[in-house]
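What follows is one structure encoded as structure tokens, with my remarks underneath.
Position 1 is the first residue of the sequence, and the numbers go up from there. Just so it is clear, the structure is predicted and the values come from calculations on it, not from any experiment.
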Amino acid sequence: MTSLDTIRHRLDTQYVRSEQKLNQLALQATQNGASLDDINAFNTAIRQNSVASYCVNQEIQVKHNLAKAIINEIR
């Protein structure tokens, strides 16, 4: 069974990679001019970054809600 730490690490790694790819594509487009292929690659990178960001946020919400539920049960 996969542990939560492993899942968190994978989510964080994927988010960092998507941010780096997005930044790299933006920098290339500004330095070299943007072709249609560059714009398409940038749009794809934005979507991938959006999905990665959403997943990280969902993991944070789950962690918060779990901690909140535990604290409420202790009371």
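Listed by chain and number, the residues in a side chain to side chain contact (heavy atoms under 4.5 Å, CB included) with Thr44 are Asn40, Arg47, Gln48 (sequence neighbours excluded). Scored by the side chain to side chain contact (heavy atoms under 4.5 Å, CB included) test, Glu19 finds Tyr15, Asn23, Asn49 as partners (sequence neighbours excluded).
Side-chain heavy atoms closer than 4.5 Å link hydrophobic residues (I, L, V, M, F, W, Y) into clusters, and following such links, possibly through other members, connects Val56 to Ile7.
Cluster partners of Leu25 are Leu22, Phe42, Ile46, counting Ile, Leu, Val, Met, Phe, Trp and Tyr whose side-chain heavy atoms approach within less than 4.5 Å, directly or via other members.
Between Gln14 atom CD and Arg17 atom CZ the span is 6.5 Å, to the nearest 0.5 Å.
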Side-chain donor-acceptor distances from residues 29-38 under 3.5 Å, at least two apart:
from: Thr30; atom 1: OG1; to: Ala26; atom 2: O; distance (Å): 3.3
from: Thr30; atom 1: OG1; to: Leu27; atom 2: O; distance (Å): 2.9
from: Ser35; atom 1: OG; to: Asp37; atom 2: N; distance (Å): 3.4
from: Ser35; atom 1: OG; to: Asp38; atom 2: N; distance (Å): 3.3
from: Ser35; atom 1: OG; to: Asp38; atom 2: OD2; distance (Å): 3.3
from: Asp38; atom 1: OD2; to: Ser35; atom 2: N; distance (Å): 3.3

Identify every side-chain donor-acceptor pair in residues 58-75 under 3.5 Å, counting partners at least two apart or on other chains, and give the distances.
from: Glu59; atom 1: OE2; to: Arg8; atom 2: NE; distance (Å): 3.1
from: Asn65; atom 1: ND2; to: Gln61; atom 2: O; distance (Å): 3.3
from: Asn72; atom 1: ND2; to: Lys68; atom 2: O; distance (Å): 3.4

Apply the test side chain to side chain donor-acceptor pair (under 3.5 Å) to residues Thr6 and Ser3: give CA-CA distance (whole Å), side-chain angles for both, the deciding distance (0.1 Å), then the verdict. CA-CA 5 Å; Thr6 304; Ser3 71; 2.9 Å; yes
